Amino acid sequence: MSERQPDMQERRILGTELLWSFGVGVLIAATLSIIVLTALTMGINPPSNVERADPKTLHLSGEFAEHNLGTSVAADGSVTARIIATQFMFVPHCIAVPEGRPVTLRLAAPDVIHGILITGTNVNTMVVPGFVAQVHTQFTRSGDLLMPCHEYCGLGHSEMWATVQVLPEGDFRPDGNGRVSCAQR
Amino acid sequence: MTDPRLSDPHVLDQPWRVWASVGVLGILLFGVLLGVLIIPVVQGRSAGIDAFTAICRALGILPGSPAQPQPASVSPPTPVSQVIWTPDVLQILARGNPERGRAKVVEVCVACHGEQGISVSPDYPNLNGQSGAAIYKQLHDYRTGSRVNQLMTDLAKALEEPMIADVAAYYAGQPKRNPNPATLGELPASIVRLVELGDPSRNIPPCAACHRPGSGGPIEAPILSEQGREYLAQQLRMYASGERRNDVYARMRVIAARLTPAEIDGLSRYYNAGFR
Amino acid sequence: MAREPDPRLQASSAADSRFDVADEVDEAALAAVMRYVPLGAGVLAGTAVALLVLGYLLIYALVFIPRGTVG
Amino acid sequence: MGECPVRNVERLCLAHFWVAFAAFLVAALLGTWQMWVRSPLGANIGTPSQYFLSVTAHGVAMAYVLTTFFIMGFGYFVAVTALARPLPGKAWAWGGFWLAITGVALALWAILTGKASVLFTFYPPLTGSAFFYIGLVLVVIGSWIWCVLMLVAMGAWKRENPGRPIPLAMFGTCANAVMWLWTTVGVAVELLFQVIPAALGLVQTIDVGLARTLFSWTLHAIVYFWLIPAYIAFYTMVPRAAGGRLYSDTMGRLTFILFLIYSLPVGMHHLLMDPEHGNGTKFIQVLLTAFVSVPTLLTIFTITASLEIAGRLRGGRGVFGWIASLPWERPMVLATGLGFIMLGFGGFGGLINMGYGMNAMVHNTSWVTAHFHLIFGGSVVIMYFAIAYEVWPRLTGREYPSLTPLRLQLWLWFIGMMVMTVPWHWLGLQGQWRRVANFNYADPIIAPWGPWVVVSLAGGVILLVSALLFVGNLLSLHRSTAMVVARPLYALAVHPPRRVPAALNGFGLWNVLVLILMLVAYGWPLAQFAVEPSPTAIVHRVE
């Protein structure tokens with residue numbers, strides 16, 4: 001084989017690799033474009049809320065006081081559920097939320113790292129001591145869902161779960177001071 | 001054919017240096033532009049949040065999401081216990097002096113809790129080998145009224161913080177009388193399973209997950225081994241009824257309410273026998 | 001197992017330094033093969049990766065979005 | 001010729017490999033036990049403390065011991081065979097080995113006495129015994145010694161061969177060493193300044209947000225530290241094993257460089273669901289993560305093209321005819337085929353994980369467990385097997401009596417991994433969460449998971465059989481008598497590189513780019529903890 005031909009072949013090889021890289025670039029652009037699109041149009045983000053809260057004095061705070069936990073409907077109709085994730089239990093154990101309306105879940109941990117997901121939904125966040133975790137979502141199906149702690153938090157981790165009752169619009173009725181608790185079934 | 005200029009690797013390098021830097025930094029800039037500027041500002045506009053706030057939220061300088069208003073919350077605190085586990089509280093506990101503690105015990109506590117921590121009546125808890133943090137928390141709750149007991153409230157009010165640490169250190173040092181109990185024989189397997197595995201169906205975590213020393217559970221969780229059987233059953237019943245409510249975030253109240261009387265009795269016997 | 005490399009090959013093979021040990025690939029056959037080569041690999045790898053990204057887009061639109069917004 | 005220096009490092013490599021595969025076997029056993037205990041068949045077997053002790057041991061053995069020792073052993077082998085010169089500083093190599101062994105012993109003692117059930121990714125404020133963390137630090141320091149020796153060997157070779165391109169296998173090994181030095185900075189800072197002082201009781205509190213961010217620095221790049229030896233095998237062993245040539249040597253160098261650049265600044269995609277970082281920094285991480293898939297996609301094309309060359313040389317016709325004519329009876333070729341399939345499934349899982357908001361659908365579910373078992377446990381570990389099968393005859397001077405048990409072992413590993421992980425994807429989408437000692441199968445949402453967990457248990461059992469067969473295959477080699485016929489190991493490229501730009505022959509330029517990328521990707525996320533430290537949490541000791 002003469003010396004000239006290999007150079008031409010080597011350039012052809014690099015040509016095919018560049019073509020392949022261009023194809024890969026197109027695929028990566030497709031992957032990222034749907035992310036950017038839904039972020040711009042529907043506000044889809046990973047849950048982030050850099051709000052500091054001292055875990056050592058959380059039980060003395062106003063927002064995460066024992067009586068203020070659970071779901072409450074504010075004057076402007078916005079629904080917020082405040083939940084404490086503590087070693088080996090969620091307080092309250094059952095959280096009522098409306099179907100088809102924006103809901104904000106605010107969670108805090110007074111001791112170690114916890115994490116939540118609600119089965120079948122996009123609600124998912126880590127609950128890190130030192131911060132208030134916040135998830136804005138909208139539940140699309142009614143029914144009882146499971147909210148386990150999905151991050152290792154100690155020997156009782158497997159027993160740490162709560163129930164989320166997604167109530168149809170009619171059944172979601174706040175009481176006098178705007179609180180909604182689970183229907184006893 | 002080979003051009004000498006090409007043979008020197010550094011000359012070959014020039015395009016690589018340029019293209020690599022342009023490529024990598026270009027991608028990085030594109031990412032920063034999109035992530036920190038374009039997406040937050042566009043999201044903020046649809047949620048009524050001004051551009052500057054949206055960008056600060058995207059960077060984590062302000063709390064909240066660039067795409068959602070931040071819920072407000074105003075409610076008065078209603079703590080069930082004033083104990084705060086700060087480093088200096090832990091420091092005080094660590095410096096607890098058993099000798100000074102013994103002097104105060106002999107003067108005050110011995111009447112009910114005994115010198116070695118073995119209580120004189122089933123209504124009073126045994127304190128031998130109890131964790132210092134557990135003693136500290138209960139005494140602190142008596143002092144602040146989070147826990148009420150006609151005898152203990154006044155006594156606790158009389159103790160200063162360092163003295164609480166000394167008393168706690170003294171009783172913590174008192175040995176367990178029966179460190180390795182012989183057999184589990186007469187205890188039903190369901191009780192042992194409740195202690196070791198808890199009951200996932202009733203959302204009850206294993207007792208050992210918090211109450212076994214070294215479990216990594218809450219600091220103030222008391223050590224239950226060799227505790228009075230009647231005292232344990234009574235406390236569980238008081239938690240279940242809500243009469244005793246100094247457990248932070250109602251953990252014991254919720255668990256006790258789910259236990260059947262047979263389980264309350266079984267657990268009390270399990271721990272009274274000295275198991276951990 | 002590989003027979004002793006043919007000395008004739010040794011001369012013309014691409015391996016001319018002691019770090020590249022000669023192999024039994026015949027240069028002429030290699031040149032013939034290189035006319036077709038990346039086609040098969042490109043089609044196979046291309047469809048596989050395209051399928052992955054297509055699956056990703058389908059799951060994003062049909063499984064993720066219907067489960068409700070998150071933010 | 002190229003093989004004689006192997007005698008120089010024979011015992012060193014075998015020592016590393018045997019420690020790696022011993023840890024692997026124990027961890028495989030523990031993994032199967034865990035699968036049984038969490039399944040409906042194992043209800044009420046074992047206690048949570050036993051389960052989480054096992055999970056910690058399974059993680060540490062697979063992620064820190066199997067990997068670090070295999071990579072070091074393989075690195076020494078490559079440094080000697082690819083550069084065809086004895087290893088410089090061999091005493092240091094043994095020193096690093098024994099340092100790492102003491103580290104493993106310390107960590108193992110802490111784990112087995114139940115003083116370190118904090119899992120292999122430590123969850124401060126849960127804090128185990130100081131011996132656990134100090135043990136892991138010693139393993140890392142042992143691996144640093146390996147990194148220095150690799151770079152010294154490369155430097156010595158470059159001085160002896162000015163202007164010549166470094167053999168690709170050594171270039172990949174050195175890229176891995178440089179990347180590993182960058183990688184360990186995060187966990188080293190976290191352990192030395194936060195976790196070990198807490199474990200020793202010098203401090204009572206810990207800044208959890210900072211600890212998680214520092215650990216994420218290491219958490220992703222470490223998986224590329226594990227993965228690069230498999231890619232070295234893809235580029236430098238598979239083409240020759242299949243009887244062909246490497247399609248492009250330049251692509252090989254570019255792949256290792258892209259791994260060095262893009263594996264480091266993307267660690268925070270493990271924190272997409274964390275509250276301590278804003279969406280902006282998370283989007284930058286997602287975008288950079290998309291580019292960390294480029295080297296893998298380049299490799300898939302380049303290695304498939306190399307296999308196509310081999311297939312066509314063996315008479316394969318038509319667009320896909322070359323697939324059938326490949327020598328699938330050779331373990332290296334079979335492992336590559338099975339490994340690429342698992343890489344496909346695992347990569348798909350990773351695509352979903354990095355979906356910015358979509359991560360909320362799968363974070364900390366069995367989907368993630370399926371992802372890393374398929375990519376690391378699947379394609380990387382099956383290549384570890386293939387590398388071991390290729391390297392053992394050269395180290396022991398003996399040949400396998402027959403390749404059938406080797407192929408059977410690779411097939412069992414592939415089948416076991418697929419049977420175990422495919423159900424996990426489905427369970428993950430249903431919300432099955434991670435690290436559960438016992439599920440409440442009476443719960444209406446959890447009940448339908450039961451049968452699938454049993455199916456994945458069956459996969460786990462197959463994997464255990466394969467693990468036992470693997471160690472058996474290696475042991476059988478030590479006893480077999482046939483002397484090995486010196487077979488060349490490293491592949492030739494279609495166009496072996498004569499002159500390579502300095503950028504493709506060293507790491508100066510790339511280190512600068514990594515520095516810039518780390519400053520932008522991790523600069524503010526770490527600086528925010530200095531600007532305004534997050535409130536600290538009380539240390540919860542696990543003894």
Side-chain angles (χ1 to χ4, degrees), chain A residues 6 9-10 13-14 16-17 20-21 24 27-28 31-32 35 38-39 44-56 87 109 111-113 115 117-120 122-135 144-146 148-159 161, chain D residues 48-49 52 117 119 123 125-126 207-209 212 247-248 250-251 271-279 282-283 286-287 290-291 293-294 297-298 301-302 305 351 355-357 359-361 363-365 430-431 433-439 443 445-446 494-495 528 532 534-538 540:
Chain A
Q9 192 182 58
E10 189 162 357
I13 287 178
L14 285 187
T16 58
E17 295 282 358
W20 173 263
S21 306
V24 162
L27 291 179
I28 287 178
T31 312
L32 290 174
I35 290 175
T38 50
I44 301 271
N45 289 325
S48 301
N49 174 43
V50 185
E51 179 181 344
R52 290 169 171 73
D54 188 348
K56 303 187 280 303
Q87 265 177 325
D111 40 36
V112 295
I113 298 171
L117 65 84
I118 298 181
T119 53
N122 288 333
V123 173
N124 194 320
T125 182
M126 297 301 295
V127 185
V128 174
F131 295 88
V132 175
Q134 181 171 263
V135 184
D144 280 14
L145 304 174
L146 190 62
C149 166
H150 64 36
E151 188 53 273
Y152 179 64
C153 54
L155 296 177
H157 165 67
S158 314
E159 283 72 36
W161 54 267
Chain D
S49 47
F52 293 117
S117 297
L119 307 193
Y123 292 94
L126 283 178
D207 181 337
V208 181
R212 281 180 71 79
Y247 183 63
S248 159
T250 320
M251 276 307 127
L271 305 180
L272 285 182
M273 293 295 122
D274 270 53
E276 69 265 15
H277 296 295
N279 301 117
K282 290 180 181 177
F283 181 84
V286 166
L287 189 120
F291 283 91
S293 64
V294 169
L297 296 174
L298 281 183
F301 174 70
T302 308
L351 261 180
Y356 192 53
N359 186 244
M361 184 172 72
H363 172 68
N364 256 356
T365 67
Q430 304 304 306
W433 64 105
R434 291 180 63 185
R435 279 123 184 209
V436 178
N438 47 11
F439 283 107
D443 185 299
I445 291 176
I446 299 174
V494 172
H495 291 285
Q528 71 172 356
E532 192 187 351
S534 55
T536 56
I538 290 290
H540 284 61

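All of these numbers come straight from a predicted model, not from anything done at the bench. Letters A, B, ... mirror the listed sequences (proteins, then strands); counts begin at 1.
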Measuring from atom [atom1] of [X] to atom [atom2] of [Y], what distance do you get when rounded to the nearest 0.5 angstrom?
X        : Y        : atom1 : atom2 : value
D:Phe283 : A:Ser48  : CZ    : OG    : 13.5 Å
A:His150 : D:His363 : NE2   : NE2   : 4.5 Å
A:Ser21  : D:Met251 : OG    : CE    : 5.5 Å
A:Asn122 : D:Asn359 : CG    : CG    : 10.5 Å
A:Trp161 : D:Ile445 : CH2   : CD1   : 9.5 Å

Shorter than 4.5 Å, heavy atoms on both sides: which option in [options] has the most such pairs with chain A?
options                                : answer
D:Pro535, D:Ala305, D:Gly209, D:Pro48  : D:Pro535
D:Asp443, D:Thr302, D:Leu271           : D:Thr302
D:Ala537, D:Ala437, D:Ala360, D:Gly278 : D:Ala360
D:Ile538, D:Leu126, D:Leu287           : D:Leu126

Is there a donor-acceptor contact under 3.5 Å from the side chain of [X] to the main chain of [Y]?
X        : Y        : result
A:His157 : D:Arg434 : yes
A:Asn45  : D:Asn279 : no
A:Tyr152 : D:Ser117 : yes
D:Trp433 : A:Thr119 : no

Measuring heavy-atom distances to chain D, does [X] have an atom under 4.5 Å in its side chain, in its backbone, in both, or in neither?
X        : value
A:Asn49  : backbone
A:Ala53  : backbone
A:Thr31  : side chain
A:Leu117 : side chain
A:Val132 : backbone
A:Leu155 : both
A:Leu146 : both
A:Gln134 : neither

Checklist entry - What residue, out of A:Pro46, A:Gly154, A:Gly130, has the most heavy-atom pairs lying under 4.5 Å from chain D? => result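 The candidate making the most pairs under 4.5 Å is A:Pro46.
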Next on the checklist: According to salt bridge (charged side-chain N to carboxylate O under 4.0 Å, His left out), who are the partners of A:Glu159, at least two apart in sequence or on a separate chain?
Outcome noted: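 With sequence neighbours excluded, A:Glu159 shows a salt bridge (charged side-chain N to carboxylate O under 4.0 Å, His left out) to no residue whatsoever.
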Item to check | Sequence-distant partners of D:Asp207, side chain to side chain donor-acceptor pair (under 3.5 Å), two or more places apart | outcome: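 For D:Asp207 the side chain to side chain donor-acceptor pair (under 3.5 Å) partners, ignoring immediate neighbours, are D:Ser534.
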Checklist entry - Do NZ/NE/NH1/NH2 and the carboxylate oxygens of A:Glu151 and D:Arg435 come within less than 4.0 Å? => result yes
Next on the checklist: side chain to side chain donor-acceptor pair (under 3.5 Å) for A:Thr16 and D:Tyr247? Distances and angles first, verdict last.
Outcome noted: CA-CA 11 Å; A:Thr16 58; D:Tyr247 183 63; 2.6 Å; yes
